[in-house]
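Computed from a predicted structure; not experimentally measured.
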Amino acid sequence: FEGVNVSPLNQGHDELYRGGGDLKWNLPREEGFDKISFRSRFKPDAQYLLLDGIACGSHGHRDANCLIRFTDNDRVWLVDDSYTEGPFLSDHNGVLVIRDGIAEAMSALARLDAVVDFDEVGITRTTLPDHSGVDWERNVVWIKEKCFVVLDQMKAVQPGNYGFRCQWRTLGTATLDGNRLTTRQEATTPERKDAMHLVVAGDVRASFAEDREDFGGRWRGRYEHAEPVVNIHRQDTTCELAVRESFTFANLFYATNIAEPHDFGLAKIDDATALVTGEERMLTGMADDGSTFGGVSLRAGPFVLRQQSLTAAAVTSLTIDDNSVLTSETPVALSFDLRDRKLLVQADKPTRATVLGEVRSLKKGQTAFEANGIARSSFAGEVDEFASRSQQGQPATEQGARTTPANVSVAWEFDVGSAVHALLAAGDHVVAGTQDGTGLLLDAHGKPLWRIKTEDRINAISVGDLN
């Protein structure tokens, strides 16, 4: 149960639900997964993060590629507990997408692209394909017992004007100060000063709202350490994207108390790179198109470059000071620690690669090599270079050029009489459910076609052909 563990998608579950619901079934079962857990120790005071891979099931929520739970220091921090009042993507810790004013049906399965688990670092990459016109690639970098960095890269597969909302839900009493949401749980042990810190980097509009009834109410009487309040933290942006262009949300989170007084910050350098600051400076990001940091050239997926180590997933090449460390046609994971000159290479299947100048046959799993020929003693110069760029305010110019106000115009408006709690687009019709229990069917021009009055609030809507 410790480290990074993947629970595969059960074949019987997949066969039972495949093709059903208002979902896109665009992945075979073998490419998906059920859950991924990150756990430093099997103890309640250790870090634990859970990532969901499916949006289907008889009681399934639309939360593929979403983070379900984060706990640390014997406290629950990230939550998505709900039933009929919160089954949609907007009720979870994920990214909502609108393209040209329209949100499409969600993909049923997230794809498992990479999993890395070394002693000090864990990395995953999962992708929700064709998520309203983008591939939502969620890259999680875990610095064990310290912090998590989540880089959500939205890669356009269709051109359009996009609205993105990255959403987080924390439990406790929250304050938003600039780009940092701090959530405190001091109901039972105020002397411990337990808190979770969520830091967003980059040019997004950040806000949060408290929920004490629908979602917070589920914690009332069930959890003693915090006020029963769920804080819904929203990060919003709009941009015009051509095919293969992207936008990335960069977030970092961690928990603290008197016994573990961590301090981290995050600065977005460009659309593929972010700098972790505070008690330890680290460079993290994605190097799929190839990246060079000082004397380090890397082609890989998600990575983290620390003062004395480099860890990366989906690596096809690494060069340090003109010395070829690894080249491989099949992507592999690696960890290179300058402290003991040990290079660990992790392959998902038997693979041939050139490692430290020699062609090697790699077995499935991890293979260790001595890298005494690499004279480098530190990556501090590379990290400091990006720290300097961050301090000089040099974020990606591409991002600034692409970010535009939404160009979606209002086609029609209709007053439903009270707050809308459920909304669904079904073909050229719109179905709405409201606070006062009214259900409405509207046509494409906003004309009401059908109305029903129930005894209580309508929390969820589904449509189907009863014939």
Side-chain angles (χ1 to χ4, degrees), residues 17 19-26 54-57 59-66 82-92 94-110 128-136 154 156-167 214 232 234 236-241 406-454 457-467:
Y17 295 107
D22 53 338
L23 295 166
K24 298 177 184 175
W25 293 87
N26 48 10
I54 61 175
C56 54
H59 295 271
H61 284 192
R62 300 299 188 251
D63 61 350
N65 222 25
C66 292
S82 62
Y83 192 48
T84 58
E85 72 275 15
F88 303 113
L89 178 58
S90 57
D91 305 310
H92 295 84
V95 181
L96 288 75
V97 180
I98 294 176
R99 181 174 66 89
D100 295 333
I102 301 295
E104 299 174 2
M106 187 176 182
S107 295
L109 307 178
L128 192 69
D130 193 14
H131 183 34
S132 290
V134 299
D135 286 343
W136 168 22
M154 320 305 290
V157 295
Q158 298 181 52
N161 181 273
Y162 283 92
F164 297 127
R165 169 173 288 177
C166 187
Q167 192 161 263
D214 294 339
I232 304 169
R234 301 181 177 99
D236 294 298
T237 192
T238 59
C239 55
E240 194 82 26
L241 295 181
N407 60 8
V408 180
S409 60
V410 177
W412 51 264
E413 296 181 8
F414 185 85
D415 185 0
V416 298
S418 65
V420 175
H421 280 262
L423 190 67
L424 183 65
D428 57 355
H429 295 82
V430 175
V431 190
T434 70
Q435 171 74 32
D436 68 4
T438 300
L440 287 163
L441 176 66
L442 308 174
D443 68 11
H445 305 288
K447 179 181 178 181
L449 302 177
W450 177 83
R451 180 191 299 258
I452 190 173
K453 189 70 169 67
T454 66
R457 183 183 64 204
I458 298 175
N459 292 316
I461 291 172
S462 182
V463 298
D465 185 352
L466 299 181
N467 295 326

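- Using modelled atom types, no side-chain atom of W25 and backbone atom of A108 make a donor-acceptor pair closer than 3.5 Å.
- Of the possible donor and acceptor atoms, none in the side chain of R165 sits under 3.5 Å from a partner among the backbone N and O of D236.
- Between C56 atom SG and R62 atom CZ the span is 8.0 Å, to the nearest 0.5 Å.
- Between the H429 side chain and the A425 main chain, no donor and acceptor come within less than 3.5 Å of each other.
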Exercise for review: Any chance you could lay out the side chain to side chain contact (heavy atoms under 4.5 Å, CB included) test for V97 and F164, step after step, and finish with the verdict?
Suggested key: CA-CA 5 Å; V97 180; F164 297 127; 3.7 Å; yes

Review point. Going through the checks in order, is the side chain to side chain contact (heavy atoms under 4.5 Å, CB included) test met by D91 and H61?
Key: CA-CA 9 Å; D91 305 310; H61 284 192; over 6 Å; no

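- Separating the CG atom in D63 from the CE atom in M106 is a distance of 6.5 Å, to the nearest 0.5 Å.
- Residues R99 and V134 are not in side-chain contact: their nearest non-hydrogen atoms beyond the backbone lie 4.5 Å or more apart.
- Two residues are said to be in side-chain contact when any heavy atoms from C-beta on lie closer than 4.5 Å; V157 and D130 meet this criterion.
- The shortest side-chain heavy-atom distance between L440 and F414 falls under the 4.5 Å cut-off.
- Atom NZ of K447 is separated from atom CG of L449 by 7.0 Å, given to the nearest 0.5 angstrom.
- The closest side-chain heavy-atom distance from Y162 to I98 is not below 4.5 Å.
- The distance from the CG atom of D436 to the CZ atom of R457 is 11.5 Å, given to the nearest 0.5 Å.
- Looking at heavy atoms from C-beta onward, Q167 lies out of side-chain contact with L89 at the 4.5 angstrom threshold.
- A donor-acceptor contact shorter than 3.5 Å links the side chain of D100 to the backbone of N161.
- Proximity of a side-chain donor or acceptor of S132 to a complementary backbone N or O of E104 within less than 3.5 Å is detected.
- Results of the side-chain contact (heavy atoms from CB on, under 4.5 Å) test with V431 over L423, I461, I458 single out I461 as the only residue that passes.
- Here CG of D214 is found 8.5 Å from CD1 of I232. Values are rounded to the nearest 0.5 Å.
- Between atom CE of residue M154 and atom CG of residue D135 there is a gap of 9.0 Å, rounded to the nearest 0.5 Å.
- Side-chain contact check for W136 versus S107: every heavy-atom pair is 4.5 Å or farther apart.
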Point to revise | Worked check of side chain to side chain contact (heavy atoms under 4.5 Å, CB included) between L424 and D22 | key: CA-CA 10 Å; L424 183 65; D22 53 338; 4.1 Å; yes

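- Counting heavy-atom neighbours within 6.0 Å of K453 NZ, excluding the residue itself, gives a total above 12.
- Side-chain atoms of W412 and L442, non-hydrogen and from C-beta on, do get closer than 4.5 Å to each other.
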